Structures are given as C-alpha cells and as structure tokens.
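Here the structure is a predicted model, which means the values were calculated and not measured.
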Amino acid sequence: MSVEPFLSTNKSLSLAMMLRARLLRQEVIAGAWCTVPHPSVIELMARLDFGFLLLDSEHSSMDTTDLCTLLPATELHDAPTIFRPRSHSAGEMKAALDAGVSGIMVPMIDTAEAAQAVIDVCRYAPLGCRGIGPWRASGYYDDFLDYTAKANDATTLILQIESATGLENVERIAAVPGSEALYVGPADLASSLRLPIGERGEEMRSALCRVAKAARDQGKVAGIDVNSPSDLPELVAMGFTLFTIGSDAGFIQTSGRDLTRELSTHLSPVMA
C-alpha cells in the first residue's frame, strides 16, 4: 500500500489519508482519548491541537451507534479519528469504518492469526474481505467509487500488544501485512508480565524495545500510551512515534480539581 495520500473531496477519506501518511512518514504524533459520547464534548476535543482523537469503546460507554453524531463534530475541525472496539468483533469494526473513522485500534492481539483475522475485516479485497457498504464514509454513497478505490490506502489499522503472549509473538504479528502500527497497552502488558503498573524498569524497557524493533523491522509504526510529555524523549529514542496522552474525562477532572484547590487556598483566609 502506498504512503502518500491522494486528493479527495470526501472529508472522512481526506482525514484518513492525512493521518496514515503522517504515521508512515514516522512523524511523532500525539492523540487524546475520548470517552464521553456527546457531540459537544467531542467537538471541544476536536478544537484542541492533537494529531488525532482516539474514540474508545473498550473502556467507556461509547458505541458505534454514537459515531454518526460524533464524527461530524470531529470532521468540522479536521480531527482524524481512531476507533477502539470492545473486542475483535467484526461487526463493531465494520460499523465504525462504514461510519467514517480514520482507522481502527484493536485490543489484545496475541497471535499472527488474530492479526490476520482483524486485517481481513478491515481491508477490502484483495487485501481482506471487508463488506462493501460505506454509508457515511462515502458521503452517503455520493463518493462511493472514490472511497472504495482508496480506502485500503487510507485506513490506519493499529494492533495492540498488551500481554505476555502478544509480546512473545510480536515479531510474527508485525510480519503480517496489512496493518500500519503496533501499539503497547502499558498497563495491561505490565500486569501480564507481573511487573509494577506505571513503572518502566529494566524488564519493561526491554519489552518496549522489542515491540518497537519488531514494528520498525517491518516498516511499521510503534505506539504507546503515556502519562506525561516528559516520557516522550526516552520512548522516541526507543523507536516510538505514535502516542496517546490524556482524555476528555481526565481533562475535566484535572482542571476542576486544580481550580477547587486554588479556590480553597484563597477562600480559607476569608472564611477564617
């Protein structure tokens, strides 16, 4: 599949092409998690200067049925979107792609066979067997021929490595053609390896380097979730270029708590 995007008047397709091209140029890109399935919240997130938004169905109440109201808000502000389903459900992945997301991130890929099954669902023939019915992604079929011709070269597919089994098979998973990136779920991977969650000791660093090398050796991108921008230099040096950091719910909580603490500081002398 090619790296550079083709021009398209279809907004869903254009955003997908832009994101995939940036990833495959190995640009460092950071996105944020979206867990609140409300158009106003998603639009506020889309107004921020992130490289993409990750719409998370796995660990939130968001569902594929929400996408027809959420995606117009992201597209209004030219924000590419990655959707994470709750499982390897073909129905969820196909529904998200047909609605017009820029890509899919699939949790818990443990084997090359699991990777191939996901790729088959997300790619049109001859690369896979995705069903043809991109109702919203094709501009309600106004751009049907354009979309179906270019979707395989536009859609980003990210496979999550987040278990000891997935790590053991990471080179074989990376070698399966049809995905753009391997992404580490650091909490799940640490838990599976019986390592402290949130720490990056020698064994965890070794695991991360192995994933990054497996991706790089196959011309793919390595990604990971981070807690702080200060984590980036070390991870970029390992070979990671795709990052997620922060979430809509987290931003609300953090800003609210910071403000209430400041209020308490200023009000305490007044109330004394």
Within this structure, what is the CG-CE distance for the pair L157 and M105, rounded to the nearest 0.5 Å? 11.0 Å
May I ask whether M45 and I245 are part of the same hydrophobic cluster, defined by side-chain heavy atoms of I, L, V, M, F, W, Y residues being less than 4.5 angstrom apart, directly or through others? yes
Please list all pairs passing the side chain to side chain donor-acceptor pair (under 3.5 Å) test where one or both residues lie in residues 38-47, with sequence neighbours left out. E43-H77
Test: side chain to side chain donor-acceptor pair (under 3.5 Å). Region: residues 229-238. Which pairs qualify, not counting sequence neighbours? R200-D231, R200-E234, R205-E234, S228-S230
Taking C-beta and beyond as the side chain, do I82 and L19 meet within less than 4.5 Å on heavy atoms? yes
What pair of heavy atoms forms the shortest contact from S12 to R136, and how long is it? OG-NH1, 3.8 Å
Would you call D153 and M17 a side-chain contact if the rule is heavy atoms closer than 4.5 Å? no
Contact summary for L13 and A154, nearest pair of heavy atoms: CD1-CB, 3.7 Å
What do the steps show when you test D142 against N10 for side chain to side chain contact (heavy atoms under 4.5 Å, CB included), and what is the final call? CA-CA 9 Å; D142 280 350; N10 178 295; over 6 Å; no
pair I29-T241: side-chain heavy atoms closer than 4.5 Å: no
Is a side-chain donor or acceptor of S102 paired with a backbone partner of T81 at a separation under 3.5 angstrom? yes
Measure the NZ-OG distance between K150 and S138 for me, rounded to the nearest 0.5 Å. 13.0 Å
Looking at P107, is its backbone amide N or carbonyl O close enough to the side chain of E162 to form a donor-acceptor pair, meaning the two atoms are under 3.5 Å apart? no
For a 4.5 angstrom cut-off between non-hydrogen side-chain atoms, does S191 reach I197? yes
Write down the atom of F52, the atom of A30, and the distance for their closest heavy-atom approach. CE2-C, 3.8 Å
How far does CD1 of I161 sit from CD1 of I109, to the nearest 0.5 angstrom? 7.5 Å
I'd like to know if the side chain of R210 reaches the main chain of E171, judged simply by a donor and an acceptor atom lying under 3.5 Å from each other, with no hydrogens or angles considered. no
Are K11 and D78 close enough, and set up right, to give a side chain to side chain contact (heavy atoms under 4.5 Å, CB included), and what steps lead you there? CA-CA 8 Å; K11 179 57 75 73; D78 294 328; 3.0 Å; yes
State whether the side chain of S192 and the backbone N or O of L189 hold a donor-acceptor pair below 3.5 Å, judged by distance alone. no
Can you confirm whether P134 sits close enough to Y124 that some side-chain heavy atom of one is under 4.5 Å from a side-chain heavy atom of the other? yes
Grouping I, L, V, M, F, W and Y whenever their side-chain heavy atoms are under 4.5 Å apart, do L24 and F243 come out in a common cluster? no
Under a 4.5 Å side-chain heavy-atom rule over Ile, Leu, Val, Met, Phe, Trp and Tyr, are L15 and V101 clustered together? no
Could you see if L23 belongs to whatever hydrophobic cluster contains V28? Use Ile, Leu, Val, Met, Phe, Trp, Tyr and a side-chain cutoff under 4.5 Å. no
With a 4.5 Å heavy-atom cut-off, do L55 and L71 have their side chains touching? yes
Applying side chain to side chain donor-acceptor pair (under 3.5 Å), can you list everything that pairs with K94, at least two apart in sequence or on another chain? none
Heavy-atom side-chain proximity of M93 to R130 below 4.5 angstrom: no
W135/Y140 aromatic ring centres below 6.0 Å: yes
Give the minimum heavy-atom separation between S179 and L159, together with the two atoms involved. OG-CD1, 3.7 Å
C129 backbone acceptor or donor facing D120 side chain under 3.5 Å: no
For the residue pair D225 / T244, report whether a side-chain donor-acceptor contact shorter than 3.5 Å exists. yes
Just how far is it from atom CG of L208 to atom CZ of F240, taken to the nearest 0.5 Å? 4.5 Å
Main-chain N/O of A174 paired with K220 side-chain donor or acceptor, under 3.5 Å: yes
Parallel, tilted or perpendicular: rings of Y183 and W33 (30°, 60°): perpendicular
Side-chain ion pair, R123 and E180, N-O less than 4.0 Å: yes
Salt bridge check: are D258 and R261 linked by an N-O gap of less than 4.0 Å? yes
CZ/F83 to CE/M62 distance, rounded to the nearest 0.5 angstrom? 8.0 Å
Is the side chain of D66 donor-acceptor paired with the backbone N or O of D63 at a distance under 3.5 Å, no angle test? yes
Cut-off 3.5 Å, side chains only: do R86 and S57 have a donor facing an acceptor? yes
Nearest atoms (heavy-atom pairs only) where P72 meets L67: CD-O, 4.0 Å
Straight-line distance of Q160 CD to I224 CD1, nearest 0.5 Å: 11.0 Å
Do L53 and V41 belong together in a cluster built from hydrophobic side chains that touch within less than 4.5 Å? no
Should H88 and V106 be marked as a side chain to side chain contact (heavy atoms under 4.5 Å, CB included) after you check the CA-CA gap, both sets of side-chain angles, and the distance that decides it? CA-CA 7 Å; H88 298 184; V106 187; 3.5 Å; yes
In the structure I gave you, are the side-chain heavy atoms of L127 and I119 within less than 4.5 Å of one another anywhere? no
A249 and T35: which non-hydrogen atoms are nearest, and at how many Å? CB-OG1, 3.9 Å
